[in-house]
Visitor: 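Below is the structure I would like to discuss, written out as structure tokens.
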Amino acid sequence: MRTGTVFAAALAALLASGLAHGVGVSEAKGKVVDAEGQPVVGATITFTPVSPPKTPYEGKTDKRGNFWIPNLLYRPPGDWEVTIQAEGFYTGKVKVVSRTADRTLLGEFESKVRVGGSQLQVRIAGLGEVTLDFELSREQEAAPIAAVTEDPYDVGRAKMQQGDFVGAVEPLQKAVEAAPEEIERRQVLAYCLLKADRVPEAEAQAARAAAIAPDKPGPNLILAEIYKAKGDNARAWEAIQKEQALAPESVAVLERVASLAAEMGRTAEAIAANETITRLQPDNAEAWVSLGSLYAEKGKNDLSEQAFRKVVDLDPSNAAQTFYNIGAVIANKPDLSEADNRKAIEAFRRAVELKPDYAAAQRELGFSLLRVGDVEGCRATLEKYLALDPEASDAPDIRATVKSLTKKK
């Protein structure tokens, strides 16, 4: 059988047509509390794209103060204006953390907010997510909130948030010179240097931050990202383990532990990290999907089914869409590993089980199967896609791929 030849030809056609890319959606989530840390119920958070058409997306906080806004349609560069409404509250502050599809930090900053007033601007990557944690106050301010000063640290962080990592480096270097012992400044500088492809300088800044404050979380997480970018998974694992010891219940750290462990074949560690994530965030659908895949890999089929059922229970009416979105996020990772692809397969497979006429999920499942060499599974799934949507814009390319997969071997 010439399976390898057929696989290579089909994959080449797939990549040439750009069909492996998922839909351009993002998501937002977070929490709203008052000055005492109590949840604010019924607050409305509105996301409006800067680029037209300016269709607003709204989310409301539940009894725990949490909100989730899925399926934000991405339009490059992904800038959004955010407002918050909450009865009885007037001012507050927010911490914003934006990550790309592969969980890489895109931007992180804190800002003052006026409830029902000034708009906050954030950037979200395609298939990425942004987390906004608000703390609101019932106190009114007579004077407008002061504009951000031209402190070099603020300038550098603003440029980072806009995606201008190269431009952020110079003001951040000045900020570090002004306060060399403040490790947060070095961490932000290290991240921007990494994104600007100045890896040795990034490593030096992160290592210096870790040396200044060895007992403070943060620097080792950046070092793990740097080592991962260098392809040194062993050192990345060592760094992320140090970070986990300092911040054992940080979801951001646990997500990195889980991802790296799965990639390195450390299934037990990946399971443990995802179990902790779901304990801390029971509504984290992506972590439940990861657990479902990892349990299945270990032959724990009952636990696997329970984990996937959790995703359905979180939002029964949109479960198929949730599985599809998670699969698309995973499949679009720039450094997609075999472990990642297995999770994508599980997510797309669950989507089509819940909604057999979900054409897009059938198509993406086929591509994911092709990546692991399951030529027959890919062919059958793409044929289902064509049967469901024979007039799709990509139908000619898909037919050509199916034809190449059915050639006599």
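What you see is a predicted model, and the numbers here were worked out from it, not measured in a lab. Each residue takes its place number in the sequence, starting with 1.
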Visitor: Is the backbone N or O of G116 less than 3.5 Å from a side-chain atom of T83, with the two atoms forming a donor-acceptor pair by type?
Guide: no

Visitor: Are the side chain of R186 and the backbone of P180 linked by a donor-acceptor contact shorter than 3.5 Å?
Guide: yes

Visitor: Could you grab the distance from atom CD of E27 to atom CD1 of I69, nearest 0.5 Å is fine?
Guide: 10.0 Å

Visitor: For V169 and L189, what are the C-alpha separation, side-chain angles and deciding distance, and is it a side chain to side chain contact (heavy atoms under 4.5 Å, CB included)?
Guide: CA-CA 6 Å; V169 168; L189 174 57; 4.2 Å; yes

Visitor: Between E297 and T267, do the side chains contain a donor N or O and an acceptor N or O under 3.5 Å apart?
Guide: yes

Visitor: Regarding N71 and N325, do their side chains bring together a donor and an acceptor under 3.5 Å, going by distance alone?
Guide: yes

Visitor: Just by distance, with hydrogens left out, do T276 and R279 show a side-chain donor and acceptor under 3.5 Å apart?
Guide: no

Visitor: Is the count of non-hydrogen atoms from other residues, nucleotides or ligands lying under 6.0 Å from E170 atom CD greater than 12?
Guide: no

Visitor: Test R256 against every option in E225, E269, E243 by the salt bridge (charged side-chain N to carboxylate O under 4.0 Å, His left out) rule and name the one that passes.
Guide: E225

Visitor: Does the salt bridge (charged side-chain N to carboxylate O under 4.0 Å, His left out) test come out yes or no for K31 and E135, once each step is laid out?
Guide: CA-CA 9 Å; K31 190 167 188 174; E135 181 183 309; over 6 Å; no

Visitor: Whether the side chain of N341 engages the backbone of S337 through a donor-acceptor N/O pair (distance < 3.5 Å, no angle test) should be reported.
Guide: no

Visitor: Looking at side-chain heavy atoms only, is the closest gap between L246 and K216 below 4.5 Å?
Guide: no

Visitor: So, applying side-chain contact (heavy atoms from CB on, under 4.5 Å) with I84, which one of T46, L136, T44 is it?
Guide: L136

Visitor: Show the numbers, then the answer: is there a side chain to side chain contact (heavy atoms under 4.5 Å, CB included) between E108 and R157?
Guide: CA-CA 8 Å; E108 181 175 357; R157 288 197 306 171; over 6 Å; no

Visitor: Any side-chain heavy atom of L172 sitting closer than 4.5 Å to one from C192?
Guide: yes

Visitor: Of all heavy-atom pairs between V352 and A361, which one has the smallest distance, and what is that distance?
Guide: CG1-CB, 3.6 Å

Visitor: Would R363 count as a cation-pi partner of Y385, with NZ or CZ less than 6.0 Å from the six-membered ring centre and within 45° of the ring normal?
Guide: yes

Visitor: Between Q362 and L388, is there a side-chain heavy-atom distance shorter than 4.5 Å?
Guide: yes

Visitor: So, using ring pair (Phe, Tyr, Trp, His ring centres under 6.0 Å) as the criterion, who are the partners of Y358 when residues are at least two apart?
Guide: Y324

Visitor: For D62 and G65, indicate whether the former's side chain and the latter's backbone hold a donor-acceptor pair under 3.5 Å.
Guide: yes

Visitor: Enter the distance from E203:CD to D232:CG here, rounded to the nearest 0.5 Å.
Guide: 9.0 Å

Visitor: I need the Q321 CD to I326 CD1 distance, nearest 0.5 Å.
Guide: 10.5 Å

Visitor: Under 4.5 Å between any side-chain heavy atoms of I240 and Q244, yes or no?
Guide: no

Visitor: Which atom names give the shortest non-hydrogen contact between A196 and F165, and what distance separates them?
Guide: N-CB, 4.4 Å

Visitor: For residues T322 and A285, report the shortest heavy-atom separation together with the two atoms involved.
Guide: CG2-CB, 3.9 Å

Visitor: When you compare the side chain of M264 with that of W237, does any pair of heavy atoms fall below 4.5 Å?
Guide: yes

Visitor: Judged by atom type as modelled, is there a donor-acceptor pair below 3.5 Å linking the side chain of T61 to the main-chain atoms of V32?
Guide: no

Visitor: Once rounded to the nearest 0.5 Å, what's the spacing between atom NZ of K159 and atom CG of D154?
Guide: 13.0 Å

Visitor: Between A236 and K228, what is the shortest heavy-atom contact and its length?
Guide: CB-N, 3.9 Å

Visitor: Does S293 use its side chain to pair, donor to acceptor, with the backbone of V289 at less than 3.5 Å?
Guide: no

Visitor: Take N284 and E255, measure what side chain to side chain contact (heavy atoms under 4.5 Å, CB included) needs, and give me the verdict at the end.
Guide: CA-CA 11 Å; N284 191 316; E255 286 173 338; 3.7 Å; yes

Visitor: Contact between Q205 and L193 at the side-chain level, heavy atoms closer than 4.5 Å - yes or no?
Guide: yes

Visitor: Compare all side-chain heavy atoms of L120 with those of L132 and state whether any distance is below 4.5 angstrom.
Guide: yes

Visitor: Between S304 and N301, is there a side-chain donor-acceptor contact under 3.5 Å, judged purely by atom types and distance?
Guide: no

Visitor: Got a second to check how far R371's CZ is from C378's SG, nearest 0.5 Å?
Guide: 10.0 Å

Visitor: Looking at A262 and A339, what are the two nearest heavy atoms and their distance?
Guide: O-CB, 3.4 Å

Visitor: Please step through side chain to side chain contact (heavy atoms under 4.5 Å, CB included) for the pair V199 and Y227, ending with a clear verdict.
Guide: CA-CA 9 Å; V199 179; Y227 295 141; over 6 Å; no

Visitor: Charged N to carboxylate O under 4.0 angstrom, E129 versus K29?
Guide: yes

Visitor: Would you mind reporting whether S317 and D315 have side-chain heavy atoms less than 4.5 Å apart?
Guide: yes

Visitor: In this structure, are over 12 heavy atoms from other groups packed under 6.0 Å from E338 atom CD?
Guide: no

Visitor: Rounded to the nearest 0.5 Å, what separation is found between the CH2 atom of W288 and the CD atom of E275?
Guide: 8.5 Å

Visitor: Would a distance-only check, ignoring hydrogens and angles, find a side-chain to backbone donor-acceptor pair under 3.5 Å from T48 to V82?
Guide: no

Visitor: Do you know the tightest heavy-atom contact between T278 and A287?
Guide: CG2-CB, 3.7 Å

Visitor: Quick one: does any side-chain atom of D374 pair with a main-chain N or O of L370 as donor and acceptor, under 3.5 Å?
Guide: no

Visitor: Of the options T381, I345, I398, which is the one that meets F367 in a side-chain contact (heavy atoms from CB on, under 4.5 Å)?
Guide: I398

Visitor: Do the charged groups of K310 and E305 touch, with an N to O distance under 4.0 Å?
Guide: no

Visitor: Flag the pair R379 and E376 as a salt bridge only when some basic side-chain nitrogen lies within less than 4.0 angstrom of an acidic carboxylate oxygen.
Guide: yes

Visitor: Using the side-chain hydrogen bond (donor to acceptor under 3.5 Å, both in side chains) rule, pick out the option among K174, E182, R185, E184 that qualifies with Y153.
Guide: E184

Visitor: Can you tell me how the ring of F47 sits relative to the ring of W80, calling it parallel under 30°, perpendicular over 60° and tilted otherwise?
Guide: perpendicular

